[in-house]
Asker: 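I'd like to ask you about the structure that follows.
Order of listing sets the numbers, starting from 1, for every ligand and every atom in it. This is a predicted model, so every value here is computed, not measured.
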Amino acid sequence: MSDVLYFNGRFTTTDERVLGVEDRGFQFGDAVYEVFKFLGKRPIFLLEHFRRLDRGLRRIEIPMPWDETSFTATMRELLERTSFDDGIVYIQVSRGESERAHFWPDDMTPTAIAYARAFRFPDAAKKERGIRVITTRDARWGYCSVKSVNLLANALAKKEAQRKGADEAIFLADDSTVREGASSSFFAVKSGRLVTHVLDDHILPGVVRDAVIGLALAAKIPIDERPLREAELFDLDEAFITSTTQGVMPVSEIDGRIIGNSRRGEVTARVQKLFDELEANPK
Ligand code: PLP
């Protein structure tokens, strides 16, 4: 399928083979990505995604190819050129292309790409029914706060979930604490309180996670940012995951065990509604 593609300052289509084989994103996973959602061509949480991209690139010393104004203008132009109204935009910035060597030259020009894809966001029935998840060992590395393209451990975990009839895998640390999903943040609900992992290098600072925390605080729903113990997982009232594509999604089962009464819980429904309202009417 041919889509509009932004590549290093110009627009082309995904039919054009733009990347060189010695691009470090391809050879070393030396790249950071972002995914934002758009509805009716309106980007959602664009600034938050820009900021996370900026922070991630700084952390691994890749120059940010845009400032806030040029980023916004580029993404708006991409959406104007795109033939559909709702979907996601995938952005990737790699360190660039150079003769293959672990040491990189200091004067590299980053490779920046962005393209839109149509996406079927969860409908009302799925948002009520929720998803099944499994737990799996977190085999990732020490830079999980950077949205890097090193997603092999995430992809293997997702595939394991799929083979077990589940939609998402939740990573457990070696000390049996709960981290996050393979492509989502994880929230537990116990006695009216939300519990989610504290921000550190073991999890990605999710844009929806952050929005949900803000909404919950404003709604006086208490939050504990702490690692949940694996043993606590099976004594929860409710659980949900959050992500750009899934929004606030109830978890109905963990490793085949039903959470709460297997239906979307009250607190989850409240948070989901608040989030959907914010997405529809951003402040
Ligand atoms: N954690 C991981 C590992 C992810 O890959 C994602 C999204 O892809 C998230 C959390 C959720 O982040 P966001 O809410 O910014 O989509």
Asker: Check each atom of ligand 1 against the heavy atoms of Gly181 and keep those under 4.0 Å away; list them by number with element.
Answerer: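 Listed by number with element, the hits are 3 (C).
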Asker: Side chain, backbone, both or neither: which part of Ala182 has a heavy atom under 4.0 Å from ligand 1?
Answerer: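 For Ala182, only backbone atoms sit under 4.0 Å from ligand 1.
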Asker: Any side-chain heavy atom of Val178 within less than 4.5 Å of one from Leu172?
Answerer: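 Touching, per the 4.5 Å side-chain cut-off.
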Asker: Closer than 4.0 Å to some heavy atom of Val208 - which atoms of ligand 1 meet that?
Answerer: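 Ligand 1 atoms under the 4.0 Å threshold to Val208: 14 (O).
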Asker: Using a strict 4.0 Å cut-off to heavy atoms of Gly206, name the atoms of ligand 1 that fall inside it.
Answerer: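 Numbered from 1, ligand 1 contributes 12 (O), 13 (P), 14 (O), 15 (O).
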Asker: At what distance is the nearest protein heavy atom to atom 16 (O) of ligand 1, and which residue and atom is it?
Answerer: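 Here the nearest protein heavy atom works out to Thr244 OG1, 2.6 Å.
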Asker: Is the terminal nitrogen or CZ of Arg95 (NZ for Lys, CZ for Arg) located under 6.0 angstrom from the six-membered ring centre of Phe28 and within 45° of that ring's axis?
Answerer: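 No, cation not above the ring by the 6.0 Å, 45° rule.
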Asker: Just by distance, no angles: are the side chains of Asp30 and Ser94 close enough, under 3.5 Å, to form a donor-acceptor pair?
Answerer: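 The answer is no; no qualifying pair exists.
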Asker: Would you call the rings of Tyr115 and Tyr90 parallel, tilted or perpendicular if under 30° counts as parallel and over 60° as perpendicular?
Answerer: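 The rings of Tyr115 and Tyr90 sit tilted, inter-plane angle from 30° to 60°.
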Asker: What is the closest protein heavy atom to atom 1 (N) of ligand 1, and at what distance does it sit?
Answerer: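 It is Glu180 OE1, 2.7 Å.
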Asker: Measure the distance from atom 5 (O) of ligand 1 to every protein heavy atom, then report the residue, atom name and distance (to 0.1 Å) of the closest one.
Answerer: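 Closest protein heavy atom to atom 5 (O) of ligand 1: Ser183 CA, 3.4 Å.
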Asker: Please state whether the rings of Phe38 and Phe84 are parallel, tilted or perpendicular, taking 30° and 60° as the class boundaries.
Answerer: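 Phe38 vs Phe84 ring planes: parallel.
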